[in-house]
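Model, not experiment: these values are computed from the prediction.
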Amino acid sequence: ARLLNKTATPLLVGTKYDAFKDEDEDVKLDITKTSKKFSKAMKSPLIFCSASQAINVQKIFKIVLSKVFGLKCNVKQIHEVGSPII
């Protein structure tokens, strides 16, 4: 896609965090590791969110705007497995 659109800004969003947080620790670890690998390959931020629980929804917009307009992103990063990754 980047070959066709040089101005596209990649962003990997994991939805349904509300369902994810109820999974077993092994499943959470596997999903988080796989998501981080894809994010690294895409050279993009990774964000887990839940629209129904309003988790990280506004932060997605802040990150997108900062990436598109080259602004400093002041959203605190979260790396812990099982947490809503940012």
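In summary, the side chains of Asn5 and Thr7 do present a donor paired with an acceptor at a separation below 3.5 Å, with no hydrogens or angles considered.
Within the model, atoms OG of Ser35 and CZ of Phe20 stand 7.5 Å from one another, a figure rounded to the nearest 0.5 Å. Atoms OG and NZ, on Ser66 and Lys59 in that order, are 13.5 Å from each other to the nearest 0.5 Å. A distance of 11.5 Å separates NZ of Lys36 from NZ of Lys40, quoted to the nearest 0.5 Å. Remark: Asn56 CG to Lys62 NZ distance equals 10.5 Å, nearest 0.5 Å.
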Under 3.5 Å donor-acceptor pairs involving side-chain atoms of residues 12-19, not counting sequence neighbours:
from  : atom 1 : to    : atom 2 : distance (Å)
Tyr17 : OH     : Gly82 : O      : 2.5
Asp18 : OD1    : Ser50 : OG     : 3.1
Asp18 : OD2    : Ser52 : OG     : 3.1

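Leu29 is not connected to Ile85 by any chain of hydrophobic side-chain contacts under 4.5 Å among Ile, Leu, Val, Met, Phe, Trp and Tyr, and they are in different clusters. Clustering ILVMFWY residues whenever any of their side-chain heavy atoms sit less than 4.5 angstrom apart, transitively, puts Leu11 in a cluster other than the one holding Ile55. Val75 and Leu65 end up in the same hydrophobic cluster when Ile, Leu, Val, Met, Phe, Trp and Tyr side chains are linked at under 4.5 Å. Cluster membership for Ile86 and Val64, using ILVMFWY side-chain heavy atoms within less than 4.5 angstrom, is shared. Side-chain heavy atoms closer than 4.5 Å link hydrophobic residues (I, L, V, M, F, W, Y) into clusters, and following such links, even through other members, never connects Leu46 to Phe61.
Using a 4.5 Å cut-off on side-chain heavy atoms (C-beta onward), Phe48 and Thr32 make contact. Here the side chains of Lys21 and Gln53 are in contact, with some heavy-atom distance below 4.5 Å. With a 4.5 Å cut-off on side-chain heavy atoms, Asp30 and Asp26 do not count as touching.
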(message) The test is side chain to side chain contact (heavy atoms under 4.5 Å, CB included); show your working for His79 and Gln77 and say whether it passes.
(response) CA-CA 7 Å; His79 299 282; Gln77 293 186 5; 3.0 Å; yes

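Shortest non-hydrogen contact noted between Ala8 and Pro10 is O-CD, 3.8 Å.
In this view, Lys67 and Thr9, Pro45, Ile63 satisfy the side-chain contact (heavy atoms from CB on, under 4.5 Å) rule, not counting sequence neighbours.
Without hydrogens or angle criteria, Ser39 side chain to Ser44 main chain gives a donor-acceptor distance under 3.5 Å.
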